[in-house]
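Remember, it's a predicted structure, so these values are computed and weren't measured experimentally.
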Amino acid sequence: MMVRIDSHTINQMKKRGTNEEEILEVLATENELDAKNGRKKKFKIFQFQNIWNEKYYEHKKVEVVYALEQNIIVTVTVYVYYGIWL
């Protein structure tokens with residue numbers, strides 16, 4: 001399925017510490033969940049083992065919120081959480 005990454009998502013990914021490659025991987029490999037307002041979301045936990053905002057984190061969770069428009073996935077936004085997940 002085609003993916004269109006919205007300009008808002010691009011702005012948010014830069015601020016929150018992810019990139020287009022990770023967003024596309026989340027959309028291609030993870031299970032779909034329901035989100036607000038009839039939208040969908042997917043998330044994936046990545047090994048991070050790095051520093052973000054002056055603190056070390058083992059993992060980061062990239063969550064992509066999107067809508068389906070005529071068989072095209074259109075991203076709405078992306079959230080990134082840092083921490084440890086098992």
Checklist entry - Under the side-chain contact (heavy atoms from CB on, under 4.5 Å) criterion, do Thr75 and Leu27 qualify, and how do the steps go? => result CA-CA 10 Å; Thr75 64; Leu27 292 171; 4.2 Å; yes

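- Between Ile23 and Met13, the shortest heavy-atom distance links the atoms CD1-SD, 3.7 Å.
- Contact detail for Ala35 and Val65: the closest heavy-atom pair is CB-CG1, 4.4 Å.
- The side-chain hydrogen bond (donor to acceptor under 3.5 Å, both in side chains) analysis of residues 77-86, with sequence neighbours excluded, yields the pairs His8-Thr77.
- Side-chain contact of Tyr56 with Glu58: a donor-acceptor pair under 3.5 Å is present, judged by distance alone.
- Cluster partners of Leu33, by chain and number: Phe43. The rule joins Ile, Leu, Val, Met, Phe, Trp and Tyr whenever side-chain heavy atoms lie under 4.5 Å apart.
- The side-chain hydrogen bond (donor to acceptor under 3.5 Å, both in side chains) contacts involving residues 63-74 comprise Glu32-Tyr66, where partners must be two or more places apart or lie in separate chains.
- Ile45 CD1 to Gln47 CD: the interatomic distance, rounded to the nearest 0.5 Å, is 10.0 Å.
- Inter-residue side-chain proximity for Ile72 and Val3 is flagged as unmet; no heavy-atom pair is nearer than 4.5 Å.
- Here the CD-CG distance, from Gln12 to Asp6, works out to 10.5 Å after rounding to the nearest 0.5 Å.
- When atom types are taken as modelled, the side chain of Asn19 and the backbone of Glu21 share a donor-acceptor pair closer than 3.5 angstrom.
- Atom-to-atom distance recorded for Ile84:CD1 and Lys61:NZ is 15.0 Å, nearest 0.5 angstrom.
- Of all heavy-atom pairs spanning Lys44 and Glu30, the tightest one is CD-OE2, 3.5 Å.
- Judged by distance alone, the side chain of Thr9 and the main-chain N or O of Ile5 form no donor-acceptor pair under 3.5 Å.
- For CD of Gln49, the number of neighbouring non-hydrogen atoms (other residues, nucleotides, ligands) closer than 6.0 Å is greater than 12.
- When all heavy atoms of Arg16 and Val78 are compared, the closest pair comes out as NH1-O, 2.5 Å.
- One hydrophobic cluster, built from ILVMFWY side chains closer than 4.5 Å, holds both Val80 and Trp52.
- Here Glu22 pairs with Lys60 in a salt bridge; the nearest charged N to carboxylate O distance falls below 4.0 Å.
- In terms of heavy atoms, Asn31 sits closest to Lys42 at O-CG, 3.5 Å.
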